[in-house]
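A short write-up of the structure that comes next.
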There are 2 protein chains.
Amino acid sequence: MLSEFLKSKRKAFNFTQEDLANKAGVGLRVVREMEQGKATLRMDKVNQVLALFGSELGVVTKQKGDE
Amino acid sequence: MLSEFLKSKRKAFNFTQEDLANKAGVGLRVVREMEQGKATLRMDKVNQVLALFGSELGVVTKQKGDE
DNA sequence: TAGGAATATACCTTAAAGGGTATAAATGAA
DNA sequence: TTCATTTATACCCTTTAAGGTATATTCCTA
C-alpha cells in the first residue's frame with residue numbers, strides 16, 4: 001500500500017514529513033495525506049514524493065483487501 | 001505506461017472511450033486524459049478506470065525512460 | 001514528569017481537475 | 001468518396017486538491 005510504503009521508507013531514512021516535503025518539492029500536506037491513505041491525491045504530487053525512493057506509480061494487479 | 005495499458009486493454013475489449021467512462025463512473029474527459037498521458041490526474045479517478053480491468057495504481061520501481 | 005520535536009487538525013485562498021456540452025477532426029466501413 | 005462513429009479540442013462552471021499558516025495533539029527523550 002502506498003501509505004505503508006512511504007511511512008516505512010521515510011523512517012528507514014530517518015526523514016521527517018517536512019524533510020520529505022521539502023526534498024520532493026511538494027507541500028507538507030501532500031506527504032501527510034499520502035501517509036494517511038487519502039485516495040484523491042494527484043498522481044504528479046505522489047510521483048514527486050515516490051521519486052525520492054526510486055519509485056513511481058504504476059499499474060499493478062488489483063489486490064483483494066487492500067483499500 | 002498507464003496510457004498504453006489503458007489503450008490496449010480498451011481495444012482488447014472493444015470499448016469506446018465513452019463506454020469506459022460510463023462503466024467506470026468517471027467523465028469522458030478522464031479517460032481521454034489518461035490515454036493521453038496527463039500527469040496531474042487524480043488517483044481515485046484513475047483507479048476507478050483501472051478497476052474495470054482488475055488493476056489499480058501501485059508503487060513500482062521507477063523505470064528509466066518512461067516519463 | 002517537563003519541554004521540544006514531530007505529527008495531526010483546522011482554516012483560508014488559489015489554481016486547476018473534472019463534469020458537461022459543443023464543435024472539430026480523424027477514423028473506418030459501405 | 002460519403003456518412004456515421006469515434007476521438008480530440010475548446011469552453012464554461014463547480015468542486016476540491018494543495019499551499020500556507022496557525023493551533024492542537026502526540027511522541028519522544030533528558
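Labels below follow one simple rule: chain letters A, B, ... track the order of the sequence lines, proteins then strands, and each chain is numbered from 1.
One interatomic measurement links the two molecules: CD of A/E18 to C1' of D/dC27, which rounds to 16 Å at whole-angstrom precision. Rounding to whole angstrom units, CG of residue B/N22 and C1' of C/dG18 are separated by 15 Å. For the pair A/L20 CG and C/dA8 C1', the computed distance is 16 Å after rounding to whole Å. Atoms CG (B/D19) and C1' (D/dT7) sit 13 Å apart, rounded to a whole Å. Summarising the geometry, the separation between CD on A/Q48 and P on D/dA18 is reported as 10 Å, rounded to the nearest angstrom.
Between B/L41 and B/E33, the closest side-chain pair of non-hydrogen atoms falls below 4.5 Å.
Residues passing the salt bridge (Lys or Arg N to Asp or Glu O under 4.0 Å) test with B/E35, sequence neighbours excluded: B/R10. Remark: B/K9 pairs with no residue by the salt bridge (Lys or Arg N to Asp or Glu O under 4.0 Å) rule, at least two apart or across chains.
Using a 4.0 Å cut-off on heavy atoms, the residues of residues 28-47 of chain A that approach DNA chain D are A/R29, A/V30, A/E33, A/K38, A/T40, A/L41, A/R42, A/K45, listed by number.
Ring planes of B/F53 and B/F5: perpendicular class, angle over 60° (limits at 30 and 60°).
Between B/Q17 and D/dT5 there is no side-chain polar atom (N or O) within less than 4.0 angstrom of OP1 or OP2.
Within the model, atoms CG of A/L28 and CG of A/N22 stand 8.0 Å from one another, a figure rounded to the nearest 0.5 Å.
For the residue pair A/V26 and A/V49, the shortest heavy atom distance occurs at CG2-CG2, 3.9 Å.
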